[in-house]
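No hydrogens, no waters, no symmetry mates; every other heavy atom, side chains included, goes into these values. A note on names: the letters A, B, ... follow the listed sequences, proteins ahead of strands, and every chain is numbered from 1.
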Amino acid sequence: MQYSDKVMDHFMNPRNVGEIEDASASGTVGNAKCGDIMKVDLKIEDNVIVDAKFKTFGCGSAIATSSMATEMIIGKTVEEALSITNKAVAEALDGLPPIKMHCSLLAEQAVKAAIKEYYEKTGRLNDENKALFDMLEEDPH
Amino acid sequence: MQYSDKVMDHFMNPRNVGEIEDASASGTVGNAKCGDIMKVDLKIEDNVIVDAKFKTFGCGSAIATSSMATEMIIGKTVEEALSITNKAVAEALDGLPPIKMHCSLLAEQAVKAAIKEYYEKTGRLNDENKALFDMLEEDPH
Amino acid sequence: MSDKKRVYLDYAATTPVRSEVLEVMLDIYNNNFGNPSSFYQEGQKAAKIIDQSRETVAGCIGARPNEVYFTSCGTESDNWAIKGAAIAQAQKGKHIITSSIEHHAVIHPCEALARQGYEITWLDVDQYGLVDPDDVRKAIRPDTILVSIMMANNEIGTVQPIAEIGKICRENKVLFHTDAVQAAGALKIDVKELNIDLLSLSGHKIYAPKGVGALYVRGGVKIANLLDGGAQERTKRGGTENVAGIAAFAKAFELAVSEIDDNARRLSSMRDRLIGQVMAEIPHARLNGHKTSRLPNNVNISFEFIEGESILLMLDLLGYSCSSGSACTSGSLDPSHVLLAIGLPHEIAHGSLRVTFGKDSQEEDVDRLTADLKNIVQRLRDMSPLYSDFLKAQKQA
Amino acid sequence: MSDKKRVYLDYAATTPVRSEVLEVMLDIYNNNFGNPSSFYQEGQKAAKIIDQSRETVAGCIGARPNEVYFTSCGTESDNWAIKGAAIAQAQKGKHIITSSIEHHAVIHPCEALARQGYEITWLDVDQYGLVDPDDVRKAIRPDTILVSIMMANNEIGTVQPIAEIGKICRENKVLFHTDAVQAAGALKIDVKELNIDLLSLSGHKIYAPKGVGALYVRGGVKIANLLDGGAQERTKRGGTENVAGIAAFAKAFELAVSEIDDNARRLSSMRDRLIGQVMAEIPHARLNGHKTSRLPNNVNISFEFIEGESILLMLDLLGYSCSSGSACTSGSLDPSHVLLAIGLPHEIAHGSLRVTFGKDSQEEDVDRLTADLKNIVQRLRDMSPLYSDFLKAQKQA
Ligand SMILES: Cc1ncc(COP(=O)(O)O)c(C=O)c1O
Ligand SMILES: Cc1ncc(COP(=O)(O)O)c(C=O)c1O
């Protein structure tokens, strides 16, 4: 598999591995059958993601995209985080092999799932922003 | 093609090439379409083959078997010559590749064809010896 | 890290060309380039090499030389055997029996035939990957034309009861093909004793180069050609012969057969050492394949809660070359069909590792590998949500 | 006599592996034995070599890399193209158009399809071996699925009007396959300009080793697999890739293409010199094939009254390696189907000689060959009953 150095770095030295005890919200996507599960915990204060942690069962690029995605959203507002696409994550990793692009989609989904839970918990999910989470219904495989 | 040294010797230095001006009899077998024609001239005195010459259009083993066959019959009585089989010619050449065995059959046929003509000319062809020449009807290919 | 001395542990995927074999090839490339179909000396020299190679290969499997045909790889041999038998016997019937753990070089030709109206029975295997000969017997019908069961599996190393299956096929007058690509050079093969009609071989698994294989076709058995062309291989397989590859294959096979016992001893000792260590030191691991009816060089273990590619990637960075499932499927996201067939759930099948030993493997590699694996598995489990779920559930219970 | 320095003049049968190419292979055998499907470094290094080789080969014929598939030989490429196109398009129709002078690697697959219910139109050629594009146009029917016409003939060297034929096929939406095994490296090939859909190549005719070839499949064209198996070659051709062979093929093809003009000049000068000398000095000889639309290295001449194998045998003993007709048919007693197709009577077809020049050929070889040929032809004519008949008939007239 031809992974970029960035991917390899995030795979071997993943940032933000772990769980947040008192997470504001968390999201889990994927399933064991397909070989990848990502769980993202968010700590949100004043609409800003102050911490993010992940746990991932999956291949090298699943782990690297989880690591990169959490890094990209920390310090961002929830709205900014929502606007980060899987392509942006893949680009930040200097690209992914075509067969592995679904991993970046999964990372985007994991973040969005967590934020959706946050919206639900805080009563912010409404007809206007609902569409932002439509992509959670997509099958990344 | 794996030819024996004997075949190569008779191919490169064929014995008895040529024609006999006042041949007692001659026989031609094969056809150009199949790629081999053999013509054998015999000089017969007192029932003994005192000379034999051949001309052959054909492959290496066709030439070698013609050469060997003429050599084998010179000095023999006509009856002795008739008893020389294609297998004997092939053996005298230390064997032929399987795909080339038909050449030795052709050589046997050429000799027999000449002797048949001799029998006919001398009125010796009869119901008893006719069967000796049955193999002239076989297609060697 | 990638400058580390590398430890190759994927001999089931492919093997390097051994020096004795490379010598044979070089001699041919430098001194013997003729076309074996050519009439003159260069051609006849080349033809003789092929004849001798055929004798050697035949000798390695108890066959007659004229029962051996050279091909370009194991895949071609499998395709030829299966499609060739199917076409040649279409009058008799269109039913084929095979197993669910065959190599794709058998599965995909069968599926191609299925699209053309043939019917395939896919026999299940037990938890160790064994085909039950009785299942073969029961599956045979009047219109069955071929049974294809591999001699040894490339992923889990399970060795099938080929003698029994061969006997059943012969008794029922059904052709029996076996893919012996992984078995060759590791197990003794006698096609007559085993009642085999068609047997596939490949060079690059036994220290010959890639690009050469062979098919044994028992005398009297008729199969249609796959490669129609010139008069090569007694008009059964066209194409100018890969003379160097064929001679290399023969040399490598001869050497492998002469070393079978030594290698079985040496490799199975490493195999059992690795299995023992991993099972003792890494929890939640399971051995795939049969304990004893197994290739001497094959280890296949699943580690729960983690995914195979991550293991491979970390091993690769530490200098180990291993595989998860078949190398051929590394482009795919599905777990191995073999591991699913022996009953592993998807998530466990995803976490499997295949280590296959060979010529350059050393006992000390085993000890280092176990230590490194232990760390890797722990690191990946620490990242895995499945593992934390498991730990939480355990705590609660 | 056989210790004489040999003069190889059968480059159309096969070529030696050139040193630049052997170097590439050796480097791979020694340093790069991984399976390209493998995940780890060794595998990825091998995969990269294949990618680069594919780009190189694509560049040599004006194709895109993903239109090139590696095979084991020209015969496999021909079989795959023809049988694959036939199976993929069986719904549209079962009519195939080809010529009567194709290589057996095209003829025999067509005959195999004919036995399975396909209908083959065998186009005649003219006395020079040329297919008339108009005949192709006229032969096309609504159920025509494939036209297969070789780019250059292996026996008589005739180069076909491929551009015209390609245009006709494209206009009629019929797939066009061309066997370019002999043309590659000798003629410039641009698959787009020539409207080619499928094109066969072979390594061992262009100084790469035996056992490797390629098939160009135009993007969008669907053909059925011949070798079903692993995911290699984008799932279109299973079998572990012959990495060294593929890299060697790419290197050799690249070199050949870069030398096309030089070689054409050098070889056609020798060709024309030999033809001129033989025609001037040996009576009752005729040139087979076209005078100008001809491969630069091919000479094919029939000598009346004598038989080809005898000529070859004597030449062999003098150190020359030549051929009569196709090397593939040397096991056969029939005269070449190509020579019969251009109208030679059997007995003259039997007496034909093919000389094909290549890398190590020298002008001086030509002069020596003519002199030796003159003697040989005379010697054989002196033994030939056909020649004495001819002389007698001449005397009488
Ligand atoms: C025109 C032509 N097509 C096909 C082939 C077959 O190629 P290969 O020997 O690589 O199978 C040859 C050579 O033998 C050839 O000359
Ligand atoms: C059991 C088995 N069959 C067939 C094959 C295919 O062999 P090849 O790669 O030579 O086509 C392989 C190896 O890939 C194999 O392990």
**Side chain / backbone / both / neither for D/Thr15 at chain C, heavy atoms under 4.5 Å** = backbone

**Request:** Pick whichever of D/Gly245, D/Gly213, D/Ser202, D/Gly34 has the most heavy-atom pairs under 4.5 Å with chain C.
**Result:** D/Gly34

**Request:** Just give me the residue among D/Asn225, D/Leu227, D/Val212, D/Ile107 that pairs up with chain C most often, heavy atom to heavy atom, under 4.5 Å.
**Result:** D/Leu227

**Fill in**
Applying a strict 4.5 Å limit to non-hydrogen atoms, the region of D/Leu22 in contact with chain C is side chain

**Item:** Side chain proximity check, C/Phe70 to C/Glu233, heavy atoms < 4.5 angstrom
**Value:** yes

**Request:** Using a cut-off of under 4.5 Å on heavy-atom pairs, state which of C/Cys322, C/Gly43, C/Gly74, C/Cys73 scores highest against chain D.
**Result:** C/Cys322

**Request:** Please check if any side-chain donor atom of D/Arg237 sits under 3.5 Å from a side-chain acceptor atom of D/Thr71, or the reverse.
**Result:** no

**Asked** Which bit of D/Glu111 is near chain C, if near means a heavy-atom gap under 4.5 Å: side chain, backbone, both or neither?
**Response** neither

**Message:** Within 45 degrees of the ring normal and closer than 6.0 Å to the centroid, is that where the cationic atom of D/Lys236 sits relative to D/Tyr69?
**Reply:** no

**Request:** Decide yes or no for C/Val181 and C/Leu201: does some side-chain heavy atom of the first lie under 4.5 Å from some side-chain heavy atom of the second?
**Result:** no

**Asked** Counting only heavy atoms not in C/Lys359, do more than 12 sit closer than 6.0 Å to its NZ atom?
**Response** yes

**Asked** Side chain, backbone, both or neither: which part of D/Asn30 has a non-hydrogen atom closer than 4.5 Å to chain C?
**Response** side chain

**Item:** Pair C/Asp360-C/Tyr8, side-chain donor/acceptor within less than 3.5 Å
**Value:** no

**Prompt:** What part of D/Leu26 is in contact with chain C, defined as an atom under 4.5 angstrom from a non-hydrogen atom: side chain, backbone, both or neither?
**Reply:** side chain

**Prompt:** Going by distance alone, is a donor N or O of one side chain under 3.5 Å from an acceptor N or O of the other, for C/Arg354 and C/Ser324?
**Reply:** no

**Asked** Measuring heavy-atom distances to chain C, does D/Cys110 have an atom under 4.5 Å in its side chain, in its backbone, in both, or in neither?
**Response** neither

**Request:** Check C/Asp78, C/Asp179, C/Asn79, C/Thr75 against C/Ser200 for a side-chain hydrogen bond (donor to acceptor under 3.5 Å, both in side chains) and give me the one that passes.
**Result:** C/Asp78

**Prompt:** Of all of D/Gly238, D/Gly211, D/Gly229, D/Gly203, which one pairs up most often with chain C through heavy atoms under 4.5 Å apart?
**Reply:** D/Gly229

**Message:** Heavy-atom pairs under 4.5 Å with chain C: which of D/Gly239, D/Pro16, D/Ala112, D/Ser72 has the most?
**Reply:** D/Pro16

**Request:** Find the one option among C/Ala244, C/Pro109, C/Ala90, C/Ala224 whose heavy-atom pairs under 4.5 Å with chain D are most numerous.
**Result:** C/Pro109

**Complete:** Given C/Leu312, C/Asp228, C/Asn32, C/Asn242, the one with more heavy-atom pairs under 4.5 angstrom with chain D than any other is C/Asp228

**Prompt:** Less than 4.0 Å between a side-chain N and a carboxylate O, is that true for C/Lys251 and C/Glu20?
**Reply:** no

